[in-house]
Amino acid sequence: MHAQYSEAPGTGSLLKGLNPEQHAAVTLPSGASLILAGAGSGKTRVLTTRIAWLMATGQVSPGGLMAVTFTNKAAKEMLHRLSAMLPVPVRGLWIGTFHGLCNRFLRAHWKLAGLPQSFQILDTADSLSAVKRVMKAMNVDEERFVPKQVSWFIAARKDNGERPKDVDAHDPQSRKMVEIYQAYEDQCQREGVVDFAELMLRTYELMRDNAALREHYQHRFAHILVDEFQDTNRLQYAWLKMFAPPGSPQSVFAVGDDDQSIYAFRGAQVGNMADFEREYRVKQVIKLERNYRSFGNILDSANALIAHNAKRLGKNLSTEAGPGEPVRVAEATSDYAEAQWLLDEAQQLHRSGTPRSEIAVLYRSNAQSRVVESALFNAGVPYRVYGGLRFFERAEVKHALAYLRLLENPNDDTSFLRVVNFPTRGIGARTIELLTDAGRASGRSLYQSVGAVVGKGGANLLAFTGLIDQLRERTRGLTLREIIEQMLDTSGLVDFYKAEKEGAERIENLGELVNAAEAFVTQEGFGKDAVALPVDETGGPGTLAVGLPPAPAAVDLTPDAETGEIVSPLAAFLTHAALEAGDNQAQAGQDAVQLMTVHSAKGLEFDCVFITGLEEALFPHENAMSDNDGLEEERRLMYVAITRARKRLYLSFSQTRLLHGQTRYNVKSRFLDELPEGALKWLTPRNAGFGSGYAKEYQQAWQRGTGLGSVVGAGRVAGRPAYTAPPAQPLPAAMQNKAGASHGLRVGQAVFHTKFGEGVVLTLEGNGPDARAQVNFGRHGAKWLALAIAKLTPVD
DNA sequence: TATCCTATTCTTTTT
DNA sequence: GAATAGGATA
């Protein structure tokens, strides 16, 4: 059957250039399939070509297909490539992120989902502040229940598909957590807001509980494709099963790489791949193992490393590109020296023709970026740091968005509280407390409760709601741009920042918000994501009835938005802001060295890659070293890092590192020992210890305080010293535990900590002000504590 | 009510 | 070291 399709006119060019495995994957017949796609094996190409091929051969209409990714970037990339292959109108295609598609679904069926039409989406920060509010209302001790952990707990339960009633809680602690979870849900429902996990869970539940709707969508989506399957969590897999249950006639095409699963820490279940294979009775798993990205030495290193993992489906990357350059390994005496060395190498690479944007510096944790940044900054090398604060997460932008959200949904208490007194208008904590009490007593939103506290200092509140109402009136019918400009003016935001010393940049960002809105309206066509699904290609909802039991009378399958209600550009823009937080601002366009964590490097590739900080406790990270699963995930992380490089790979580690304001003495990472000797080239003498080769040179330079090469006037960023000098003679790692133990603790000792309660000392390291202990606190897990700071009392 | 100072914590992150 | 939260103070 598929042979016939692949010979269909016009599809030949689509398939041209695919290797046999890729070709087989693209042209697989309907049914469930699992593609194990190694790093750099052309995964996205296979996915997009598959979609194009399905459409070009008439096996599916654009409306009958759904493709799910994790990131907006991946979704955009897919749409972009697809439109280059096929003249398909991209609009209306169900290709997007899990959350984006859920949003689309819930916008269409908001009534059935029990949501207000203008429901707002909470990002992580909004959600956290909502949790805090709930906890305050419940009088929960924030010492015992850390809001962040509660928030994390709720998200984790939802990602597992559990409502409060589903959570089994045996001890008082977790019972309380569940209680907070329930109260949080009630509050969100009351306010008409949903968090990210709720988007997924609502969609799943609506599909599960509404047979007619379920059958409609199962009928509609004949082909479902899932990208990065190894990153799916329980809920996402259950969600998929609602749209295409095992054994149904639908075709599910899952692509993933178990070796690149690096999100178990937030609920991803690698096991979903094996479950999928079994439950969907996948006949043949296709492995894409030919790598088109990296040279041999790089791939050999990656393969050798990942072979140390026990839990694998098994895969080995190969290339025909030849061995290429060896993987370079360097040891530095300090993180500072490491950064200087890196700077030098990067400069050299650039001088010999490598664009800066093809040089990436990867590290395990964000805190490591600072040293590198300083080095690059002082040398005048342009660089770009990924991660950190993104555009829509900036305080001033969030304030502006809060005003806009109140126009759409005044019951959004999170937004209300954010701006009710910003800029300050004489509404203090006391007034807010009164208002909150009134709201709680009547079960109404803060906005609705303002009337109840007028007279008790609520006059200013009335002025605020008046301002919002007036703004809503005045902006009716205006363009999005005009609405935002009005809001910035009326709210007093711009005036406020004008008066601030440091407000110029914030005003600039608010201007940027106007631009973003403008771009959104023109480029995207505002309603694209928010307006409901286009009518079914097969003839719309009418065809549903064929062969199906009659839908319950009360159930209207017509998407609610098609009943004539129009989604405003503002609503669409707010959704866009919540779901696509936008790139962190950057000197985009400029040729800059790329700095990012290994996590955020996933899916990217560069000619030259530096992996820095290859030290025990850092990479693998200390918090992940205690159990084997954690260690294997760290190894996969390293695998991801290595496979980012096309031509040249540098690995570096340092003897000392400044972390959390303290010098730490590190041992090189075990991962270095897991790489094949033959693929490596040591730039510093192997196991040479201190003061040798490169390292010595840099240490001396650094002791002179000048650095090397082009570093002139180094040492200052924004007026503050960039570095604190580490001790002149670092203590050899082997001696760490032996020097004077003034703290009087020993391994195995039972201790008490005011926060974590009782625990047992696992490890002792360092001495004097740097002394630290790893203590197992049972329920709280093992923690590293600085003994100079932490209050640890021995228990007998 | 607003602001300043100190105590406290500190992976990885997209949506 | 740096960011954030909470308490104390003007």
Side-chain angles (χ1 to χ4, degrees), chain A residues 68-75 96-103 121-128 132 142-143 146-148 152 155 158-159 194-200 228 231 233 236 262-268 362-368 370-371 374 386-390 392-393 395 421-432 457 460 575-582 596-603 613 617-625 630 633-634 636-637 640-641 658-663 717-718 720-724 754-756 783-786 789-791:
Chain A
V68 203
T69 65
F70 271 85
T71 64
N72 290 302
K73 203 166 138 205
T97 63
F98 276 104
H99 294 87
L101 295 179
C102 285
N103 173 64
I121 299 167
L122 302 184
D123 67 16
T124 314
D126 296 332
S127 172
L128 177 63
K132 280 185 190 161
E142 296 203 353
E143 295 274 286
V146 184
K148 243 194 204 134
W152 177 84
K158 288 189 182 186
D159 282 344
V194 297
D195 58 34
F196 288 134
E198 186 72 24
L199 287 170
M200 291 279 336
E228 306 275 18
D231 285 339
N233 60 36
Q236 282 155 343
I262 54 174
Y263 287 109
F265 73 92
R266 63 168 202 230
L362 309 186
Y363 35 79
R364 175 66 239 266
S365 63
N366 281 308
Q368 289 167 251
R370 262 198 79 244
V371 205
S374 301
Y386 286 74
L389 213 51
R390 304 153 62 130
F392 286 114
E393 290 168 357
N421 198 34
F422 192 95
T424 51
R425 31 178 89 86
I427 301 171
R430 181 80 199 112
T431 312
I432 293 298
N460 290 335
T575 296
H576 166 79
L579 243 32
E580 301 178 41
M596 66 193 82
T597 64
V598 181
H599 279 94
S600 38
K602 189 174 168 201
L618 203 66
F619 200 0
H621 196 277
E622 58 193 9
N623 295 357
M625 281 162 69
E633 176 144 320
E634 294 290 304
R636 291 193 294 267
L637 203 46
V640 167
L658 211 55
L659 198 64
H660 306 328
Q662 285 177 322
T663 309
V717 174
R720 110 180 63 80
Y723 306 106
T724 312
T754 42
K755 271 274 159 50
F756 305 121
K783 312 252 177 221
W784 278 96
L785 303 165
I789 299 161
K791 292 164 209 139

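All values below come from the heavy atoms of this structure, side chains included, with hydrogens, waters and symmetry mates left out. Within every chain, numbering begins at 1; the chains are lettered A, B, ... in the order of the sequence lines, protein sequences first and strands thereafter.
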| Where does dT11(B) land, syn or anti, once you apply the within-90°-of-0 test for syn? | syn

| message | Between the base of dT12(B) and the side chain of R266(A), is one N or O donor paired with an acceptor at under 3.5 angstrom? | response | no

| query | Atom CZ of R430(A) and atom C1' of dA2(B): how far apart are they, to the nearest Å? | reply | 18 Å

| query | Taking only residues two or more places apart in sequence or in another chain, which ones pass side chain to side chain donor-acceptor pair (under 3.5 Å) with T69(A)? | reply | none

| message | Quiz question: going by heavy-atom distance under 3.5 Å, is there a donor-acceptor pair between the base of dT12(B) and the side chain of R364(A)? | response | yes

| message | Starting the side chain at C-beta, find the nucleotide from dT1(B), dT15(B), dT12(B) nearest to T97(A). | response | dT15(B)

| Verdict with supporting geometry, D123(A) and R390(A), salt bridge (charged side-chain N to carboxylate O under 4.0 Å, His left out) | CA-CA 12 Å; D123(A) 67 16; R390(A) 304 153 62 130; over 6 Å; no

| query | With side chains defined as the heavy atoms from C-beta onward, is the minimum distance between T97(A) and E580(A) less than 4.5 Å? | reply | no

| request: Could you tell me whether the phosphate oxygens of dT14(B), OP1 or OP2, come under 4.0 Å of any side-chain nitrogen or oxygen in R390(A)? | output: yes

| Atom pair distance, as rounded to whole Å: CD in Q236(A) and P in dT14(B) | 15 Å

| Nearest to side-chain heavy atoms of T71(A), which nucleotide of dT14(B), dT1(B), dT11(B) | dT14(B)

| Output field: ring centroids F265(A)/H599(A) closer than 6.0 Å | yes

| request: Could you check if a side-chain atom of Q368(A) sits within less than 4.5 angstrom of a side-chain atom of R364(A), using non-hydrogen atoms only? | output: yes

| request: Answer with base, sugar-phosphate or nothing: what part of the nucleic acid does Y263(A) contact at a heavy-atom distance below 4.0 Å? | output: sugar-phosphate

| field | Side-chain N or O of N72(A) closer than 4.0 Å to phosphate OP1/OP2 of dT15(B) | value | yes

| Heavy-atom closest contact (L618(A) atom, G613(A) atom, distance) | CD2-O, 3.6 Å

| said: Using a heavy-atom cut-off of 4.0 Å across all strands, would you classify A624(A) as base, sugar-phosphate, or nothing? | reply: base

| message | Between N421(A) and dA2(B), is there a contact of a side-chain N or O with OP1 or OP2 at under 4.0 Å? | response | yes

| Side-chain donor-acceptor contact under 3.5 Å, T124(A) with S127(A) | no

| query | What is the nucleic acid contact for E634(A), judged by heavy atoms within less than 4.0 Å: base, sugar-phosphate only, or nothing? | reply | base

| request: Using a heavy-atom cut-off of under 4.0 Å over every strand shown, decide if D195(A) touches base, sugar-phosphate, or nothing. | output: nothing

| field | Whole angstrom value for the distance that separates C1' of dT11(B) from CE of M596(A) | value | 18 Å

| Can you check the W152(A) CH2 to dC10(B) P distance for me, whole Å? | 14 Å

| task | Please answer whether dC10(B) and H660(A) are stacked, defined here as ring centres separated by less than 5.5 Å and planes angled under 30°. | result | yes

| task | Provide, to the nearest angstrom, the distance between the NZ atom belonging to K148(A) and the C1' atom belonging to dC10(B). | result | 9 Å

| message | Counting the atoms with a prime plus P, OP1 and OP2 as sugar-phosphate, which does D231(A) contact under 4.0 Å by heavy atoms, base, sugar-phosphate, or nothing? | response | nothing

| said: Using a 4.0 Å heavy-atom cut-off, does D123(A) contact any base of the nucleic acid, only the sugar-phosphate backbone, or nothing at all? | reply: nothing

| said: Expressed as a whole number of angstroms, how long is the span from R425(A):CZ to dA2(B):C1'? | reply: 16 Å

Which protein N or O atoms sit under 3.5 Å from an N or O of nucleotides 4-6 of chain C?
unit_1	atom_1	unit_2	atom_2	d
dG6(C)	OP1	E142(A)	OE1	3.4

| note | Side-chain contact check for F265(A): nearest option of dT1(B), dA2(B), dT12(B) is dT12(B)

| task | Kindly say whether, by distance alone, the side chain of T597(A) makes a donor-acceptor pair under 3.5 Å with the base of dT11(B)? | result | no

| message | Any non-hydrogen side-chain atom of E634(A) less than 4.5 Å from a side-chain atom of M625(A)? | response | no

| message | Under 4.0 Å, counting only non-hydrogen atoms across every strand here, what does I121(A) touch: a base, just sugar-phosphate, or nothing? | response | nothing

| Can a side chain N or O of N366(A) be found less than 4.0 Å away from OP1 or OP2 on dT13(B)? | yes

| Closer to the 5' end of DNA chain B via nearest nucleotide, is it F70(A) or T424(A)? | T424(A)

| request: Go through dT14(B), dT11(B), dA2(B) for me and flag the one nearest to the S365(A) side chain. | output: dT11(B)

| query | Under 5.5 Å between ring centres and under 30° between planes: true for H599(A) and the base of dT12(B)? | reply | no

| request: Rounded off to whole Å, could you give me the CG-to-P distance for the L659(A) and dA2(C) pair? | output: 13 Å

| Taking CG from L101(A) and P from dT15(B), how many angstroms apart are they, rounded to a whole number? | 13 Å

| Thinking salt bridges, do D159(A) and R266(A) make one under a 4.0 Å N-O criterion? | no

| said: Looking at every heavy atom in both Y263(A) and E633(A), which two are closest together, and how far apart are they? | reply: N-OE2, 3.6 Å

| message | Taking only side-chain N and O atoms of R370(A), does any of them lie within less than 4.0 angstrom of OP1 or OP2 on dG1(C)? | response | no

